[in-house]
Amino acid sequence: MTPATAVDTPPVDLSMNETPYPPLPGIRRIVADGAATLQRYPDRTSSALVAALAARLAVGPESIVVGPGSAGLCQHLVQSLGPRPEVVHAALSFEGYPLIVRNAGATAVPVPLDGYDHDLPAMADAVTDRTRCVLLCHPNNPTGTALRRAEVRAFLDRIPADVPVIVDEAYREFVTDPDAPDGMELFRAYDNVCVLRTFSKAYGLAALRVGYAVVPPRLLPAAALTGAVFFPNALAQAAAVASLAPEVTPELTRRCADLVTARAGLIDALRGLGLTVAPSEANFVWLPLGERAAPFADRARAAGILVMALPGAGVRITVGSDEANDRLCAFVRAALDEGF
């Protein structure tokens, strides 16, 4: 297939849901200065980070576990919540869930989406006495949709108290829908809700792999014992603590607002070109291209643009810099002009 555009510039990667913004200068300095003490082991309890998170979230430190990003912590939680053999999650959802479930020695019970959204009534129906836990991706990766407050509360009211529900909020900072619940409000209202968050996305620390889980205190001992020793590393801990400082918050808030504006612009531009684009509350957009997904991604790669294709379903595209978004739209326009 002939590329839609010539590749004269370096490729842009819109496949990994990374932030287009570099780390803040103060965070970079902390990481650079930390290189002077690489011979030292990190704090194995992550005490400073746990204390900072407890203060930010207004919860006791006995409810917080830190670890290798939200995906790594999801693995730790699912492993620690045994021995029941099944884990219920939506399908299409985060591509890592089936691997996480399999690595934890459990069996995935995927429940098809209702359009772009979790089918919460069907997921509740799938919960049995064999269910170890339920995974909710909010906003959902790859479709970008958020849960709705009344619907998720009705769902949680149906779930037995001894079945943990893990609300994976890797993209929480990009949510603007007032009807979308904050995972922490669900944590405070239901004794079986766990919340996963990460510093990889909005905070721009993807390379350092650091995130946290907020869990009911009764679940923390097993979850903490399942995690890796001496992880997160010292640089990740220091950068995460600094990212929570009050003086950093305004800039991070501004960056998230800028990305939300860019997201809206990208959605409008792609729809204006004639593509169907799902509504998004994340830092990416979803094109439900079906069987055209893989050819679209191949053609984009030939044009120097990397996107994530789920063959037979669609394409997920990260919201990038203005230049990257413009380049993507130019590629789409040219591809459509050529009859794609």
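What you are looking at is a predicted structure, and each value in this text was computed from that prediction instead of being measured.
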Does the pair D182/R188 count as a salt bridge with the N-to-O cut at 4.0 Å? no
For S200, does its backbone N or O pair with a side-chain atom of T198 as donor and acceptor, under 3.5 Å? yes
Does any N or O in the side chain of N325 come within less than 3.5 Å of the main-chain N or O of L266, such that one atom is a donor and the other an acceptor? no
Keeping S46 on the side-chain end and V66 on the backbone end, is there a donor-acceptor pair under 3.5 Å? no
Is the backbone N or O of N141 less than 3.5 Å from a side-chain atom of R316, with the two atoms forming a donor-acceptor pair by type? no
Heavy-atom check, side chain of L136 versus side chain of V152, under 4.5 Å: yes
Do side-chain atoms of T128 reach the backbone of R130 as a donor and acceptor pair under 3.5 angstrom? yes
Give a yes or no answer on whether the side chain of R197 reaches the backbone of E169 with a donor-acceptor pair at less than 3.5 Å. no
Among pairs that include at least one residue of residues 107-121, which meet salt bridge (charged side-chain N to carboxylate O under 4.0 Å, His left out), considering only residues two or more places apart or in two chains? D117-R148
Measure the spacing between OH of Y171 and CD of E281 and express it to the nearest 0.5 Å. 14.0 Å
To the nearest 0.5 angstrom, please state how far the CD1 atom of I305 sits from the OG atom of S15. 12.0 Å
In terms of side-chain geometry, is the basic nitrogen of R158 or D125 positioned less than 4.0 Å from the acidic oxygen of its partner? yes
Are the charged groups of R149 and E185 less than 4.0 angstrom apart, N to O? yes
Do the side chain of S280 and the main chain of F284 share a donor and acceptor less than 3.5 angstrom apart? yes
Answer yes or no: is there a donor N or O on one side and an acceptor on the other, between the side chain of T253 and the main chain of T249, under 3.5 Å? yes
Got a sec, which residues hit salt bridge (Lys or Arg N to Asp or Glu O under 4.0 Å) with D191, two or more places apart in sequence or on another chain? R218
Decide yes or no on side chain to side chain contact (heavy atoms under 4.5 Å, CB included) for L92 and L310, but give the supporting numbers first. CA-CA 9 Å; L92 212 56; L310 280 73; 3.5 Å; yes
Residues passing the ring-ring contact (aromatic ring centres under 6.0 Å, His included) test with Y97, sequence neighbours excluded, are H89, F94
Could I get the full list of salt bridge (Lys or Arg N to Asp or Glu O under 4.0 Å) partners for D258, not counting sequence neighbours? R254
Work out which heavy atom in G183 is nearest to a heavy atom in V193; give both atom names and the distance. O-CG1, 4.5 Å
Could you name each residue pair satisfying salt bridge (charged side-chain N to carboxylate O under 4.0 Å, His left out) that touches residues 99-109, not counting sequence neighbours? none
Interatomic distance, S243 atom OG to Y203 atom OH [nearest 0.5 angstrom]: 7.0 Å
Please determine whether a side-chain nitrogen of the Lys or Arg among R255 and E251 lies less than 4.0 Å from a carboxylate oxygen of the Asp or Glu. yes
Holding to ring-ring contact (aromatic ring centres under 6.0 Å, His included), I want the full list of residues that pass it with H138, two or more places apart in sequence or in another chain. none
Mind checking the CG-SG spacing from L275 to C329? Nearest 0.5 Å is all I need. 9.0 Å
Does the R132 side chain pair with the main chain of V78, one donor and one acceptor, at a distance under 3.5 Å? yes
Quick one: does any side-chain atom of S321 pair with a main-chain N or O of A324 as donor and acceptor, under 3.5 Å? yes
